[in-house]
Undergrad: 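Take this structure, written in structure tokens, and hold onto it; I'll ask about it next.
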Amino acid sequence: MGRANFLYWLKPAKRPTPLRRRKCFVFRHTIRSGSRMCESETEVFVPRPSRTVQEVSRLLVPGCICCVSVVLRSPTAVATTDMNRELFAAGERLVSPAYVRQGCEARRSHEHLMRLLLEKGKCPEDGWDESTLELFLHELAIMDSNNFLGNCGVGEREGRVASALVARRHYRFIHGIGRSGDISAVQPKAAGSSLLNKITNSLVLDIIKLAGVHTVTSCFVVPMATGMSLTLCFLTLRHRRPKAKYIIWPRIDQKSCFKSMITAGFEPVVIENILEGDELRTDLKAVEAKVQELGPDHVLCVHSTTSCFAPRVPDRLEELAVICANYGIPHIVNNAYGVQSSKCMHLIQQGARVGRIDAFVQSLDKNFMVPVGGAIIAGFNDSFIQEISKMYPGRASASPSLDVLITLLSLGSNGYKKLLKERKEMFSYLSNQLKKLSEAYNERLLHTPHNPISLAMTLRTLDKHCSRAVTQLGSMLFTRQVSGARVVPLGSMQTVSGYTFRGFMSHTNNYPCAYLNAASAIGMKTQDVDLFIKRLDKCLKTVRKEQNKESDISGVDNNDKTEDVDIEEMALKLDNVCLDTCQDSS
């Protein structure tokens with residue numbers, strides 16, 4: 001008979017607990033007996049906390065060959081189990097005990113999934129069904145005071161909701177998350193909402209690691225989009241660097257990330273990109289020269305970007321991280337829709353390994369297919385991420401946390417990995433189809449191998465005849481229900497918060513040609529690509545026909561004008577001849 005081996009131990013107490021203070025625990029143990037494995041649960045009173053689990057096991061499973069794992073459940077969990085048993089026992093007086101036991105086992109299968117989630121704090125491998133999800137959310141919601149039976153609220157914020165439809169829409173999570181001093185703090189009157197918040201942050205951290213940033217240590221969901229979340233990061237850094245007033249920003253033509261710096265009260269220092277082949281890449285020499293010119297103490301941070309529209313490509317994060325580490329400057333990364341790209345996540349991981357990255361921000365809707373209005377702020381230093389969460393003023397909406405929690409539990413880690421794999425396949429498919437179409441119209445697909453999400457096709461032949469044709473193509477695509485495609489003409493000017501950008505949307509002052517953007521984002525299907533290519537083909541044909549008609553008309557008009565000039569010249573000559581004749585005769 002072998003000796004039982006246990007993975008967990010009870011902590012020894014300084015003195016034995018009196019009999020009246022005995023604690024009841026449930027031991028869930030897996031027993032290996034030969035080739036057989038079986039799980040069971042046993043309730044036991046532990047009279048002396050000084051005993052080890054191994055000692056107590058003799059009460060539980062005498063004669064077992066090996067106990068693989070033992071998990072202690074708290075008295076709260078035990079009380080819940082007792083209550084469920086009493087309910088089912090009462091039901092046996094009305095319905096056949098065999099049927100009740102079957103229903104009890106079905107419920108325990110749901111509870112087993114919920115227990116694993118709470119114990120491990122990781123995204124389950126396989127997604128949950130809707131009945132388990134709704135049971136879980138209901139169990140959490142009834143822990144909030146607004147759902148207590150007989151609750152008497154006399155404060156100004158007691159979770160009162162006028163519309164039952166609104167309450168159902170939010171699964172009766174009315175109190176939101178956080179407290180006035182910290183968005184991650186626990187609310188005394190909303191244990192369920194607080195637990196929802198903690199679980200969501202834990203699941204999101206697990207997914208970020210799964211996506212490629214393995215050494216990330218902390219993150220939290222914030223109910224603001226990417227731009228305002230970046231602003232929150234900059235405002236947190238203000239307290240650490242009171243002398244700083246500049247943010248060094250390699251140019252990317254997106255208004256939200258630019259406005260995030262202005263809103264925080266800092267002056268953006270725009271670093272123009274350099275053209276390498278078709279790609280627009282980070283000018284590292286210009287970044288370092290600007291740091292030296294301004295002085296490291298006066299630079300709040302370097303604000304870099306991963307996900308972006310081609311022909312711009314992700315910033316050289318590793319090199320920028322090294323520059324930041326060398327000069328002691330914080331580094332904030334705008335990773336808006338980069339979680340879905342293993343290449344973007346690898347850049348962040350490598351940047352943190354070789355240099356300095358303080359925080360990286362990503363959008364919930366772009367990466368997890370939930371409604372707009374949430375973001376994830378993550379980093380490699382727990383204290384800094386907690387400092388950012390404490391900078392958020394007041395409580396926050398739980399809607400973004402609830403949305404992403406439901407989504408991740410529905411998908412499971414395997415489902416999310418499948419979506420990431422499909423996105424990569426769609427990128428290759430979109431690239432091939434767009435390349436074929438561009439060649440058919442004497443255009444070409446720009447070579448941007450460092451951009452893993454966005455593609456760009458030249459529009460030289462349209463722009464050569466008339467620049468208006470480029471913008472006309474964009475309008476035609478939009479009216480034909482093609483959303484997300486961007487048509488970028490040459491030489492457009494745009495003023496954003498007092499700063500004027502030449503060549504806006506092309507990420508540089510003078511890109512060589514006009515072009516069209518399309519992106520392969522998470523959730524895209526083959527039929528989306530096929531329909532886009534079909535409609536783009538029709539639009540290009542229509543624009544070409546109109547250009548040809550205009551050329552023909554302008555050609556006819558020119559011929560008519562030439563003939564009219566010739567007739568006028570002949571008439572003038574005749575008039576002169578007649579005038580000369582008249583003068584001679586006189």
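Owing to the predicted nature of the structure, the values given are computational and were not obtained by experimental measurement.
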Undergrad: Taking everything shown except Lys390 itself, do over 12 heavy atoms lie less than 6.0 Å from its NZ?
TA: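 No, not enclosed.
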
Undergrad: Partners of Phe384 by ring-ring contact (aromatic ring centres under 6.0 Å, His included), sequence neighbours excluded?
TA: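 None.
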
Undergrad: Give the table of side-chain donor-acceptor pairs shorter than 3.5 Å for residues 531-539, with sequence neighbours excluded, one pair per line with atom names and distance.
TA:
residue: Arg535; atom: NH1; partner: Arg480; partner atom: O; Å: 3.0
residue: Asp537; atom: OD1; partner: Tyr441; partner atom: OH; Å: 2.3

Undergrad: Do His170 and Val166 come close enough that some side-chain heavy atom pair is under 4.5 Å?
TA: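 The answer is yes, as the side chains (C-beta and beyond) meet within the 4.5 Å cut-off.
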
Undergrad: So with a 6.0 Å cut-off around CZ of Phe148, is the heavy-atom count from everything else above 12?
TA: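 Buried by this count: over 12 neighbours within 6.0 Å.
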
Undergrad: With Arg179, which residues qualify under side chain to side chain contact (heavy atoms under 4.5 Å, CB included), at least two apart?
TA: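 Ala185, Gln187, Pro188.
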
Undergrad: Check residues 311-322 and write down every donor-acceptor pair under 3.5 Å in which the side-chain atom is one partner and the other belongs to a residue at least two apart or another chain.
TA:
residue: Arg312; atom: NE; partner: Arg251; partner atom: O; Å: 2.7
residue: Arg312; atom: NH2; partner: Pro250; partner atom: O; Å: 3.4
residue: Arg312; atom: NH2; partner: Arg251; partner atom: O; Å: 3.2
residue: Arg312; atom: NH2; partner: Asp315; partner atom: OD1; Å: 2.9
residue: Arg312; atom: NH2; partner: Asp315; partner atom: OD2; Å: 3.4
residue: Asp315; atom: OD1; partner: Thr282; partner atom: OG1; Å: 2.7
residue: Asp315; atom: OD2; partner: Thr305; partner atom: N; Å: 2.8
residue: Arg316; atom: NH2; partner: Glu276; partner atom: OE1; Å: 3.1
residue: Arg316; atom: NH2; partner: Glu276; partner atom: OE2; Å: 2.9

Undergrad: At their closest point, which heavy atom of Lys366 faces which heavy atom of Ser363, and how far apart are they?
TA: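 Heavy atoms only, the tightest pair is N-OG, 3.4 Å.
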
Undergrad: Go through it in stages, so that I can follow the logic: the residues are Leu419 and Met369, the test is side-chain contact (heavy atoms from CB on, under 4.5 Å), and I'd like the CA-CA distance, side-chain angles, deciding distance and then a yes or no.
TA: CA-CA 11 Å; Leu419 287 174; Met369 296 187 291; 3.5 Å; yes

Undergrad: Hey, are the side chains of Leu408 and Thr200 touching, using non-hydrogen atoms and a 4.5 Å cut-off?
TA: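 No, side chains not in contact.
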
Undergrad: Heavy-atom distance under 4.5 Å between the side chains of Val361 and Ile376, does that happen here?
TA: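 The answer is no; the side chains never approach within 4.5 Å.
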
Undergrad: I'd like to know whether Ser131 forms a side-chain contact (heavy atoms from CB on, under 4.5 Å) with His110, so could you lay out the CA-CA distance, the side-chain angles of the two residues, the decisive distance to 0.1 Å, and finally the verdict.
TA: CA-CA 9 Å; Ser131 60; His110 293 291; 3.5 Å; yes

Undergrad: Report yes if the side chains of Leu516 and Val488 come closer than 4.5 Å at any heavy-atom pair, otherwise no.
TA: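 No; the side chains remain at least 4.5 Å from each other.
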
Undergrad: With side chains defined as the heavy atoms from C-beta onward, is the minimum distance between Arg281 and Asn273 less than 4.5 Å?
TA: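 They are not in side-chain contact.
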
Undergrad: Kindly give the heavy-atom pair with the smallest separation between Leu230 and His303, and that separation in Å.
TA: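 Closest approach of Leu230 to His303, heavy atoms only: CD1-NE2, 3.8 Å.
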
Undergrad: Between Leu195 and Ile199, is there a side-chain heavy-atom distance shorter than 4.5 Å?
TA: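 With C-beta onward as the side chain, the pair touches.
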
Undergrad: Answer yes or no: are there more than 12 heavy-atom neighbours, outside Lys122 itself, under 6.0 Å from its atom NZ?
TA: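 Atom NZ in Lys122 is not crowded, with 12 or fewer foreign heavy atoms closer than 6.0 Å.
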
Undergrad: For residues 516-528, which residue pairs qualify under salt bridge (Lys or Arg N to Asp or Glu O under 4.0 Å), counting only residues two or more places apart or in two chains?
TA: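 Applying salt bridge (Lys or Arg N to Asp or Glu O under 4.0 Å) to every pair that reaches into residues 516-528, excluding sequence neighbours, yields Glu422-Lys525.
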
Undergrad: Hey, do the aromatic rings of His507 and Phe309 have their centres closer than 6.0 Å?
TA: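 Distance test on ring centres: not under 6.0 Å, no.
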
Undergrad: Check whether any side-chain heavy atom of Met391 sits under 4.5 Å from a side-chain heavy atom of Glu387, and report yes or no.
TA: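 Heavy-atom side-chain distance check fails, nothing below 4.5 Å.
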
Undergrad: So, using side chain to side chain contact (heavy atoms under 4.5 Å, CB included) as the criterion, who are the partners of His214 when residues are at least two apart?
TA: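 Per chain and number, His214 pairs via side chain to side chain contact (heavy atoms under 4.5 Å, CB included) with Gln349.
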
Undergrad: For the residue pair His175 and Ser145, confirm or rule out a side-chain donor-acceptor distance under 3.5 Å.
TA: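 A pair is found: one side chain offers a donor N or O, the other an acceptor, under 3.5 Å apart.
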
Undergrad: Between the side chains of Asp129 and Thr132, does any donor sit under 3.5 Å from an acceptor?
TA: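 Per modelled atom types, Asp129 and Thr132 side chains form a pair under 3.5 Å.
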
Undergrad: Could you please spell out the steps behind the salt bridge (Lys or Arg N to Asp or Glu O under 4.0 Å) verdict for Glu139 and Arg172?
TA: CA-CA 11 Å; Glu139 294 286 345; Arg172 293 180 169 79; over 6 Å; no

Undergrad: With sequence neighbours excluded, what pairs up with Glu279 under the side chain to side chain donor-acceptor pair (under 3.5 Å) test?
TA: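 Checked Glu279 against side chain to side chain donor-acceptor pair (under 3.5 Å); matches are His450.
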
Undergrad: Go through the side-chain N and O atoms of Asn367 and Gln362 and say whether any donor and acceptor fall under 3.5 Å apart.
TA: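 Not at all, the side chains of Asn367 and Gln362 share no donor-acceptor pair under 3.5 Å.
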
Undergrad: For Asn197 versus Ser401, what's the shortest heavy-atom pair and its separation?
TA: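 What the structure gives for the nearest pair is OD1-OG, 3.9 Å.
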
Undergrad: Do the side-chain N and O atoms of Lys424 and Ser342 include a donor-acceptor pair separated by under 3.5 angstrom?
TA: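 Yes, a side-chain donor-acceptor pair sits under 3.5 Å.
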
Undergrad: Between the side chains of Arg115 and His112, does any donor sit under 3.5 Å from an acceptor?
TA: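 Side chains of Arg115 and His112: pair found under 3.5 Å.
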
Undergrad: Look at the rings of Trp128 and Phe136 and say which category their plane angle falls in: under 30° parallel, 30 to 60° tilted, over 60° perpendicular.
TA: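 Correct class here is perpendicular.
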
Undergrad: What are the two closest heavy atoms between Cys233 and Ile377, and how far apart are they?
TA: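 Of all heavy-atom pairs spanning Cys233 and Ile377, the closest is SG-CG2, 4.0 Å.
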
Undergrad: For Leu149, give me all partners under side chain to side chain contact (heavy atoms under 4.5 Å, CB included), at least two apart in sequence or on another chain.
TA: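 If we apply the side chain to side chain contact (heavy atoms under 4.5 Å, CB included) test to Leu149, skipping adjacent residues, there are no hits.
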
Undergrad: Run the side chain to side chain donor-acceptor pair (under 3.5 Å) test against Ser389 and tell me which residues pass, sequence neighbours left out.
TA: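 Asp182.
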
Undergrad: ring-ring contact (aromatic ring centres under 6.0 Å, His included): which pairs involve residues 349-374, sequence neighbours left out?
TA: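 Counting only pairs at least two positions apart or across chains, the ring-ring contact (aromatic ring centres under 6.0 Å, His included) contacts touching residues 349-374 are Phe360-Phe380, Phe368-Tyr416.
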
Undergrad: Would you say Asn146 and Arg160 make side-chain contact, with heavy atoms under 4.5 Å?
TA: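 With C-beta onward as the side chain, the pair stays apart.
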
Undergrad: Please list, one pair per line, the donor and acceptor atoms closer than 3.5 Å that link side chains of residues 427-435 to other protein atoms, with sequence neighbours excluded.
TA:
residue: Tyr429; atom: OH; partner: Asp530; partner atom: OD1; Å: 2.5
residue: Asn432; atom: ND2; partner: Ser428; partner atom: O; Å: 3.2

Undergrad: Would the number of heavy atoms belonging to other residues, nucleotides or ligands and lying under 6.0 Å from CZ of Arg169 be above 12?
TA: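 Atom CZ in Arg169 is not packed in, count stays at 12 or less.
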
Undergrad: More than 12 foreign heavy atoms under 6.0 Å from CD of Glu130: is that the case here?
TA: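 No, the 6.0 Å shell around CD holds no more than 12 heavy atoms from other groups.
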
Undergrad: Can we say Glu111 and Arg108 salt-bridge, meaning some charged N sits less than 4.0 Å from an Asp/Glu carboxylate O?
TA: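 Looking at Glu111 and Arg108, the cut-off is not met.
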
Undergrad: Listed by chain and number, what are the side chain to side chain contact (heavy atoms under 4.5 Å, CB included) partners of Glu125, not counting sequence neighbours?
TA: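 Once residues adjacent in sequence are excluded, the partners of Glu125 under the side chain to side chain contact (heavy atoms under 4.5 Å, CB included) criterion are Ser413, Asn414.
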
